[in-house]
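Structure first, then comments.
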Amino acid sequence: VQSYPPVFPSVLALLPERGLDQWYWVLSPLVDCVHLLALYVVTFRLTGSVAVAAIASATYAFTPHLISETRSLSGRTFGALLHTLAILLLLKWTLSGTSDPAWAVAAALAGALLFLSSAAMAAAYGFVCVSLSLVFADVRYGLLACAALGLAFVLSGGRMARVIRNYLSS
């Protein structure tokens, strides 16, 4: 019985088997490069400074643990990218002052995909959302994480319960 988060293996299943056999080693570094580019773009948009964006990117790129993570094909790198996306969408919804529910829906969907991709990153996401709720005295952060978890249960047809049981019994 499979009890691991299903999104990353499902994404891999969409790729041609022949290409995956030959190019599997490229996937984690490629996802990591997309993550690095996202960090650069967001930092540049927030600060307007190429130097600050470059420093933020270099800090990320030279993290020693990052090198060991991208040496193997696992869902952790993909989960880290989804974590960043989910947090950015959450912050866009809560901090932008817009009442557009599309940002909340996008944040919940990204959070649900995160829950279905990486247990470690899902735990980090829950911790960050609860921490933001406490720091800003705003329950929307925690509520959105709960909504994302509920959506993960719905999208997985209940498989999320097995994933959680697997990690609690380990």
Side-chain angles (χ1 to χ4, degrees), residues 1-93 95 103 105-132 141 144-145 148-149 151-152 155-156 159-160 162-164 166-167 170:
V1 175
Q2 190 236 9
S3 58
Y4 293 100
V7 169
F8 185 66
S10 298
V11 168
L12 291 178
L14 296 174
L15 300 175
E17 188 175 336
R18 183 168 178 247
L20 190 57
D21 285 344
Q22 187 176 3
W23 296 97
Y24 71 91
W25 58 272
V26 173
L27 292 178
S28 281
L30 180 65
V31 170
D32 203 41
C33 286
V34 170
H35 199 175
L36 181 62
L37 181 62
L39 174 65
Y40 179 86
V41 168
V42 168
T43 305
F44 179 73
R45 295 263 334 247
L46 288 173
T47 65
S49 169
V50 171
V52 171
I55 290 169
S57 299
T59 302
Y60 176 79
F62 297 131
T63 302
H65 144 64
L66 193 62
I67 294 165
S68 65
E69 284 296 325
T70 57
R71 289 175 55 195
S72 64
L73 182 59
S74 77
R76 288 189 190 112
T77 306
F78 184 69
L81 177 62
L82 284 176
H83 183 275
T84 297
L85 177 65
I87 293 295
L88 287 173
L89 290 169
L90 173 67
L91 292 173
K92 176 68 175 172
W93 174 58
L95 299 177
W103 290 111
V105 170
L109 183 58
L113 290 174
L114 172 59
F115 277 113
L116 292 169
S117 296
S118 170
M121 290 294 107
Y125 176 72
F127 178 80
V128 168
C129 289
V130 168
S131 297
L132 289 171
Y141 299 100
L144 195 104
L149 181 59
L151 186 56
L155 291 175
S156 70
R159 183 177 297 151
M160 189 68 200
R162 278 198 316 233
V163 172
I164 291 172
N166 178 56
Y167 284 101
S170 304

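Because only heavy atoms are used, hydrogens play no part in the values below, and waters and symmetry mates are left out as well, while side chains stay in.
At a threshold of 4.5 Å between non-hydrogen side-chain atoms, the residues N166 and R162 do not count as touching. Proximity of V128 to I87: side-chain heavy atoms (C-beta onward) are separated by under 4.5 Å at one or more points. L90 has its side chain within reach of C129: a pair of non-hydrogen atoms, C-beta onward, lies under 4.5 Å apart. Annotation: side chain of L109 is in contact with side chain of L155 (closest heavy-atom distance under 4.5 Å).
Remark: Y141 pairs with F136 by the ring-ring contact (aromatic ring centres under 6.0 Å, His included) rule, at least two apart or across chains. Legend: residues meeting side chain to side chain donor-acceptor pair (under 3.5 Å) with Y40, ordered by chain and number and at least two apart, are absent. Take H35 and apply the ring-ring contact (aromatic ring centres under 6.0 Å, His included) test, not counting sequence neighbours, and it matches Y60. Residues satisfying the side chain to side chain contact (heavy atoms under 4.5 Å, CB included) criterion with V34, sequence neighbours excluded, are L81. In this structure V52 satisfies the side chain to side chain contact (heavy atoms under 4.5 Å, CB included) test together with T43, T47, S49, sequence neighbours excluded. In terms of the side chain to side chain contact (heavy atoms under 4.5 Å, CB included) criterion, residue partners of L85 (sequence neighbours excluded) are, by chain and number, L82, L89, A110. For V42, the side chain to side chain contact (heavy atoms under 4.5 Å, CB included) criterion is met by L46, L88, not counting sequence neighbours.
Heavy-atom minimum distance, P5 versus P9: O-CD, 3.6 Å.
Between L114 atom CG and L149 atom CG the span is 10.5 Å, to the nearest 0.5 Å. From D32, atom CG reaches atom CG of L27 across 12.5 Å, with rounding to the nearest 0.5 Å. To the nearest 0.5 angstrom, M121 atom CE is 9.0 Å from T77 atom OG1.
Residue pairs meeting the side-chain hydrogen bond (donor to acceptor under 3.5 Å, both in side chains) criterion with at least one member in residues 109-120, sequence neighbours excluded, do not occur. The ring pair (Phe, Tyr, Trp, His ring centres under 6.0 Å) analysis of residues 113-132, with sequence neighbours excluded, yields the pairs F115-Y125.
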Checklist line | Stepwise side chain to side chain contact (heavy atoms under 4.5 Å, CB included) test for F78 and V7 | finding: CA-CA 10 Å; F78 184 69; V7 169; 3.8 Å; yes
Next item on the list: Under the side chain to side chain contact (heavy atoms under 4.5 Å, CB included) rule, what do V41 and F44 come out as? Steps first, then yes or no, please.
Entry: CA-CA 5 Å; V41 168; F44 179 73; 5.8 Å; no
